[in-house]
Amino acid sequence: MANVTLTDVRKTYAGGFEAIKGISLDVGDGQFCVLVGPSGCGKSTLLRMIAGLETTTSGKIDIGGRVVNEIEPAERDIAMVFQNYALYPHMSVYNNMAYGLRNRRMPEAEIDTRVNEAAKILELGALLQRKPRQLSGGQRQRVAMGRAIVRQPKVFLFDEPLSNLDAKLRIAMRVEIRKLQRRLKTTSIYVTHDQLEAMTLADILVVMNGGQVEQLGNSLDIYQKPATTFVASFIGAPPMNLMPLRDAGGFQAANGDGILGVRPEDLILSGDVPAGGLALDLTVEAIERVGAETYVYGIRSLAGDAPTVSAKPGELPPGEVIVRVPGSSAPGIGQRIRATALRDKLHLFSADGRSRIDL
Ligand code: ATP
């Protein structure tokens with residue numbers, strides 16, 4: 001088991017592109033850290049640098065108290081699980097799991113114990129003699145996990161391991177990975193672009209954007225207090241409604257212009273206007289029923305018509321707002337509705353979206 005500590009780590013690819021622009025991060029022993037962000041933000045690059053599959057241009061990578069920048073991947077005491085499983089097609093499940101250990105010249109008896117133990121944990125016992133092509137996607141993913149487990153590494157690195165699976169299996173495997181990690185207590189770093197996967201798996205969530213850490217912390221803290229509008233719109237689905245405010249819309253905390261945010265689930269369809277809160281008059285444009293809840297898409301009335309409590313008329317320009325209502329009852333298309341939110345459900349950001357302002 002081990003801490004993973006990154007200190008001002010940077011990566012410039014040959015050709016001059018700076019993909020990682022100074023990242024510092026401390027993943028404690030046994031913690032599950034998730035790197036999440038849009039395509040191209042550098043999450044795979046960072047993971048591959050920790051694995052030693054990419055060189056690190058500057059900064060320090062420390063695994064278990066040892067700086068590993070100059071250490072070969074095989075010597076870093078990590079095991080990586082890839083999106084495409086990277087299984088050997090001509091080898092049985094058993095041999096796929098045993099291969100890395102044989103390369104290390106581990107005695108066959110010890111290999112057999114480890115493979116059987118991993119197979120038991122992953123419920124692969126009955127499949128040990130099959131070839132990868134005779135397995136389902138979920139089973140292949142389990143073999144890839146098994147191959148990582150038998151090495152008993154200090155750190156597991158996962159690169160979008162579930163993205164080839166269908167939605168249902170992805171959720172099932174997500175739960176399995178978390179249970180497995182809790183059981184083995186192995187420090188883990190996991191890359192995904194799926195914010196829901198990230199939220200549900202992470203002890204530490206790292207939201208990346210453009211080669212930098214945009215926000216880092218506990219999932220729920222990040223959800224409740226996003227530090228920037230980027231994080232506010234990336235974490236949570238449907239995304240937070242963001243509305244530009246002129247003169248900060250009368251919210252005393254801010255000087256000058258700002259951006260007001262409210263999550264779809266924090267808006268209530270109600271005529272009552274909460275003191276110091278927000279009220280939006282909307283015209284219903286579209287309805288999406290997803291079963292347990294319904295998303296109501298409304299267009300904010302024209303400037304001057306929006307009776308916000310704190311914001312003066314004209315301070316919220318027109319635009320689309322999503323309201324999430326429980327169940328399947330919803331207003332009709334074209335209907336005028338009022339959506340309100342309590343003041344403590346509102347988020348205020350600077351006009352450039354780069355900082356959060358306490359209300
Ligand atoms: P995705 O979710 O699409 O895999 P990512 O966040 O993992 O994205 P990376 O694959 O780490 O992103 O890439 C980060 C940036 O570095 C991208 O702009 C990419 O084009 C660039 N990049 C990746 N590999 C190389 C390379 N070998 N040479 C030059 N630039 C690269």
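Start at 1 and go down the list; that is how both ligands and their atoms are numbered. Owing to the predicted nature of the structure, the values given are computational and were not obtained by experimental measurement.
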**Complete:** Phe17 heavy atoms within 4.0 Å reach ligand 1 at atoms 15 (C), 16 (O), 18 (O), 21 (C)
**Prompt:** Between Phe349 and His347, what is the ring plane arrangement, given parallel below 30°, perpendicular above 60°, and tilted in between?
**Reply:** parallel
**Message:** Can you tell whether the side chains of Glu18 and Lys11 come within less than 4.0 Å, N to carboxylate O?
**Reply:** no
**Request:** Tell me which protein heavy atom sits closest to atom 30 (N) of ligand 1, plus the residue, atom name and distance to 0.1 Å.
**Result:** Tyr13 CD1, 3.3 Å
**Request:** Answer with yes or no whether the side chains of Glu160 and Thr192 bring together a donor and an acceptor at under 3.5 Å.
**Result:** no
**Message:** For atom 21 (C) of ligand 1, is there a protein heavy atom at a distance under 4.0 Å?
**Reply:** yes
**Item:** Sub-4.0 Å heavy-atom contact, Gly211 with ligand 1
**Value:** no
**Close approach of Gly42 to ligand 1, heavy atoms, under 4.0 angstrom** = yes
**Prompt:** Any idea which atoms of ligand 1 are less than 4.0 Å away from a heavy-atom of Ser39?
**Reply:** 1 (P), 2 (O), 3 (O), 8 (O)
**Prompt:** So, Asn3 versus Thr5: side-chain donor-acceptor pair below 3.5 Å or not?
**Reply:** no
**Prompt:** Should the proximity of Lys43 to ligand 1, defined as any heavy atom under 4.0 Å, be assigned to the side chain, the backbone, both, or neither?
**Reply:** both
**Asked** Looking at Pro38, which atoms of ligand 1 are within less than 4.0 Å of one of its heavy atoms?
**Response** 6 (O)
**Asked** Taking the non-hydrogen atoms of Gly37, is any one of them nearer than 4.0 angstrom to ligand 1?
**Response** no
**Asked** Does the distance from a Lys or Arg side-chain N to an Asp or Glu carboxylate O, for Asp112 and Arg114, drop under 4.0 Å?
**Response** no
**Fill in**
The side chain to side chain donor-acceptor pair (under 3.5 Å) partner of Thr228 among Arg356, Glu214, Gln215, Arg354 is Glu214
**Asked** Any idea which atoms of ligand 1 are less than 4.0 Å away from a heavy-atom of Thr45?
**Response** 9 (P), 11 (O), 13 (O), 14 (C)
**Message:** Below 4.0 angstrom, counting only protein heavy atoms, does anything approach atom 9 (P) of ligand 1?
**Reply:** yes
**Asked** Is the shortest side-chain N to carboxylate O distance from Lys154 to Asp29 below 4.0 Å?
**Response** no
**Asked** Salt-bridged, Glu288 to Arg324, with N to O below 4.0 Å?
**Response** no
**Prompt:** Nearest to atom 4 (O) of ligand 1, what protein heavy atom do you find, and at what distance?
**Reply:** Ser44 OG, 3.8 Å
**Ala19 N/O under 3.5 Å from ligand 1 N/O** = no
**Asked** Please state which protein non-hydrogen atom is closest to atom 17 (C) of ligand 1 and give its distance, to 0.1 Å?
**Response** Gly40 O, 3.8 Å
**Prompt:** Do Met97 and Leu87 share a hydrophobic cluster (ILVMFWY, side-chain heavy atoms under 4.5 Å, transitive)?
**Reply:** yes
